[in-house]
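Labels below follow one simple rule: chain letters A, B, ... track the order of the sequence lines, proteins then strands, and each chain is numbered from 1. Heavy atoms only: backbone and side chains are in, while hydrogens, waters and symmetry mates are out. Being a predicted model, the structure only gives us computed values, none of them experimental.
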Amino acid sequence: MLLRGVSVAHEDSWRAVDDGEDLPAGKVTVTLRRFLAEREQLAARAGEVGVHIDPGEDLALAAGHAAAISTAALVSVIFPAFTDGRGFSVIRSLRRRGYRGEIRAIGKLLPDQFDFLRRCGADSVEIADGDDVQTWLREARALSLAYQSGYAQTTARNILEARAQANRATLRATAITTPAKT
Amino acid sequence: MSGWIVSANDLAAGTVVYCTAGGWSGDIGDAAVAADRDAAKKLLAASQPAVRDNRVVGPYLVEVELCRGGPSPLRLREQLRHRGPSVAQAKG
Amino acid sequence: MYRYDEFDARLVRERVAQFRGQVARRLSGELSEEEFKPLRLMNGVYLQLHAYMLRVAVPYGTLSSRQLRKLAHIAAVYDKNYGHFTTRQNIQFNWPQLRDIPDILGELSEVEMHAIQTSGNCIRNVTADPFAGAAADEIEDPRPICELIRQWSTFHPEFTFLPRKFKIAVTGAPHDRAAIKVHDIGLRMHRNAAGAPGFEVVVGGGQGRTPMIGKTIRRWLARDEILAYLEAIMRVYNLHGRRDNKYKARVKILVHEIGAAQFAAQVEREYENSAGQARKALPDAAEIQRIARYFAPPIGGAEADGEGAKKLRAARGTDGDFDLWCRASLAAHKIPGHAIVTVSLKPAGGIPGDATAEQMRSVAGLAERFSHGEVRVSHEQNLVLPWVRAAEVHELWRGLRDSGLAAANAGLAGDIICCPGLDYCTLATARSIPVARQLSLQLGGAKRQRDIGGLSINISGCINACGHHHVGNIGILGLEKKGREFYQITLGGSADENAAIGDIVGPGFAAEEVGDAVDLVVGTYLKIRRAGETFIDTYRRVGTQPFKEALYAA
């Protein structure tokens with residue numbers, strides 16, 4: 001099942017295609033290797049090609065081809081285990097370099113990681129079939145605040161901004177209650 | 001004579017417990033004893049429902065010596081688990 | 001001291017509620033142990049030999065009397081009336097029940113405390129010089145930076161599932177009391193040529209089975225660049241740290257394998273790429289000032305007339321026991337007329353780092369009377385009162401003595417660092433507390449220890465080195481061989497600015513031989529030392545040979 005934002009995405013038109021398999025019509029995601037090797041043929045399907053990045057294999061390759069990757073309409077970042085947090089930095093780095101397409105987190109993930117994924121820059125998360133969607137949606141909102149700024153805004157509000165706002169409110173209140181000097 | 005017993009920690013309390021004929025006990029004297037490796041395997045298998053029922057965590061086999069007072073673990077680690085820390089905390 | 005604002009407080013409360021839900025899901029069976037384990041670890045909950053263990057964060061080792069009283073309350077109500085202060089300036093409770101832990105965390109949140117990130121493969125509680133803000137040799141109080149790091153690293157969206165745990169230590173003084181060179185990142189404040197304070201950045205130190213001294217990757221970094229630079233280090237580590245082998249996953253291995261220069265180059269490249277954006281995202285000057293204000297010294301200024309110092313000298317002149325204690329326990333203060341007082345948690349025959357609920361309450365009360373309600377925890381597992389007037393040291397000492405807290409051994413041989421070992425810990429291979437206890441008894445009283453001079457004895461019950469044995473002048477590592485405990489001795493380790501990993505002197509010793517072995521080492525040093533030399537000075541001059549001969553002569 002796919003979650004987009006903090007709700008269930010009922011439609012997903014992307015299809016993952018293995019290396020060597022013929023490309024069907026419509027939106028497809030391919031491995032980074034194939035994406036780079038068949039770049040010219042794939043260019044014709046602009047907007048309908050996505051790429052998988054597997055941090056276990058692709059880090060060096062991805063670093064060398066950032067510009068090519070930025071042309072993909074979708075980047076699926078693979079998490080081989082929930083303890084393997086490389087994907088968070090991969091997602092964050094894509095956004096930092098200005099990638100504007102969809103980023104999807106796939107693989108083994110925990111509901112408790114949902115908000116972190118979104119803050120790093122993921123738009124959608126594929127969750128396991130047996131997972132309880134309600135748990136995922138609840139955990140996304142478990143913490144209403146975050147200390148780090150510069151990461152994507154989610155339901156968690158940035159504490160530094162909240163503080164600045166509270167300070168302004170205090171100042172306004174002080175300005176109202178403090179009699180002007182004459 | 002030596003044998004095997006099964007020990008685990010109580011899920012909610014964390015305390016050391018031993019698998020008995022009918023359940024779990026904090027008293028090693030109550031532990032069900034397996035005389036050989038086959039019986040030990042069976043005893044360990046028999047403790048698994050308590051894991052699924054969320055009663056205990058991580059049951060495993062403990063090799064013991066059978067004394068008059070009951071089973072006594074062979075390894076120091078298990079002796080300490082059974083008797084508690086060898087260093088008493090000074091009373092405050 | 002830093003105080004939570006409404007936002008800090010709300011985040012911790014939400015975390016307690018979240019964990020309460022997770023515990024309920026575990027107890028009901030909705031979560032399996034396998035699923036629950038990483039969640040409980042992120043909240044400092046371990047399952048140890050006898051029971052659960054809860055590790056509570058003491059950020060950069062700073063506690064208020066109110067917080068210490070709460071810890072005492074938790075020890076008395078939910079535990080067996082004591083707690084254990086650790087080498088990471090935290091406190092551990094050895095006997096809480098899982099079903100009570102949400103309530104314990106709720107109580108902690110009332111005094112601005114938590115157990116967030118005290119375990120797990122994330123950025124752990126940041127540690128600091130226990131004398132921070134008060135030490136005479138300090139350039140600046142490092143704790144505002146520590147608090148910034150604490151906030152920045154809390155629930156970091158990118159760096160919470162690292163290859164392995166990650167520890168950061170900070171010192172604002174040239175004399176390193178925070179062991180920064182054996183941390184994943186160590187930050188040492190110093191001034192650049194223009195006189196501006198900044199940090200030397202040391203990376204890849206650590207203990208465990210592969211002990212290493214950290215390497216400097218930046219000589220000087222401006223204070224306001226710290227978070228952006230840390231982010232660059234963390235990203236390089238998160239992407240490239242090894243994940244194929246748990247024992248090779250710490251950043252020290254990455255730094256070692258690719259070399260410090262290469263690691264530094266990668267960090268600098270990452271920093272350059274992201275510096276603009278990352279810096280923009282940092283707290284602004286107003287926020288940094290807001291945090292810094294909390295750490296202003298609570299004492300007005302110097303005592304101009306020197307009356308306090310005179311009074312202290314007079315008391316020391318007439319009371320020999322007090323004088324011995326002063327020689328071990330007092331450190332020079334930034335503000336004349338004041339002293340930094342170390343409260344040793346190492347009574348002869350006791351358990352290093354343990355304090356009973358009553359002792360915690362006593363220290364809380366004494367801190368209120370004599371130290372502006374502020375207490376520190378040191379990585380040597382002692383407590384520190386940082387703001388004591390010289391005139392009141394004698395009275396403080398009498399109060400400590402009444403609570404059994406006046407051991408005159410801080411910094412001396414009896415000030416043993418010791419992990420819980422096989423008496424409590426599932427990872428341990430041998431006991432460490434009984435060894436510490438025996439050594440503390442045989443090393444003799446304050447006079448003899450004063451004669452031996454500065455000497456650190458550190459004991460770990462396994463290769464993970466929580467007892468810092470690698471950096472003890474005398475290190476003792478407990479291992480198991482054929483079902484029996486035996487102990488390997490290392491010499492020459494040091495945790496300060498001249499950090500060194502100790503050398504193994506030879507084959508290990510049976511439990512009953514360790515005491516004699518340490519006696520031989522100390523005896524050898526006393527025989528060959530030159531005037532003014534401490535143990536480590538002598539060792540550095542002569543090497544292992546004389547000690548080897550003494551230990552293995554027979």
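- The contact between C/Ser28 and chain B is made entirely by backbone atoms, counting heavy-atom distances below 4.5 Å.
- A 4.5 Å side-chain heavy-atom check between C/Leu422 and B/Gln79 finds every atom pair outside the cut-off.
- The local environment of CD in C/Glu34 is sparse, with at most 12 non-hydrogen atoms from other residues, nucleotides or ligands closer than 6.0 Å.
- Closest non-hydrogen pair, B/Gly14 versus C/Leu47, comes out as O-CD1, 4.3 Å.
- The two atoms that bring C/Tyr52 and B/Val57 nearest to each other are OH-CG2, 4.2 Å, heavy atoms only.
- In this structure, no portion of C/Pro420 lies under 4.5 Å from any heavy atom of chain B.
- Taken from CG in B/Asp10 to CD in C/Gln97, the straight-line distance is 8.0 Å, to the nearest 0.5 Å.
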Stepwise side-chain contact (heavy atoms from CB on, under 4.5 Å) check, B/Val87 with C/Arg437: CA-CA 9 Å; B/Val87 281; C/Arg437 170 176 262 186; 3.7 Å; yes
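- Atoms CZ and CG, on B/Arg55 and C/Leu27 in that order, are 12.5 Å from each other to the nearest 0.5 Å.
- Only the side chain of C/Glu480 comes within contact range of chain B, with at least one heavy atom under 4.5 Å from a heavy atom of that chain.
- Side-chain atoms of B/Leu76 and C/Arg431, non-hydrogen and from C-beta on, do get closer than 4.5 Å to each other.
- Residues C/Arg26 and B/Leu11 meet the side-chain proximity criterion, which asks for heavy atoms closer than 4.5 Å.
- The shortest distance between side-chain heavy atoms of C/Leu49 and B/Arg77 falls below 4.5 Å.
- The two residues B/Ala13 and C/Arg99 have their closest heavy-atom pair at CB-NH2, 3.8 Å.
- Both the backbone and the side chain of B/Arg81 come within less than 4.5 Å of a heavy atom in chain C.
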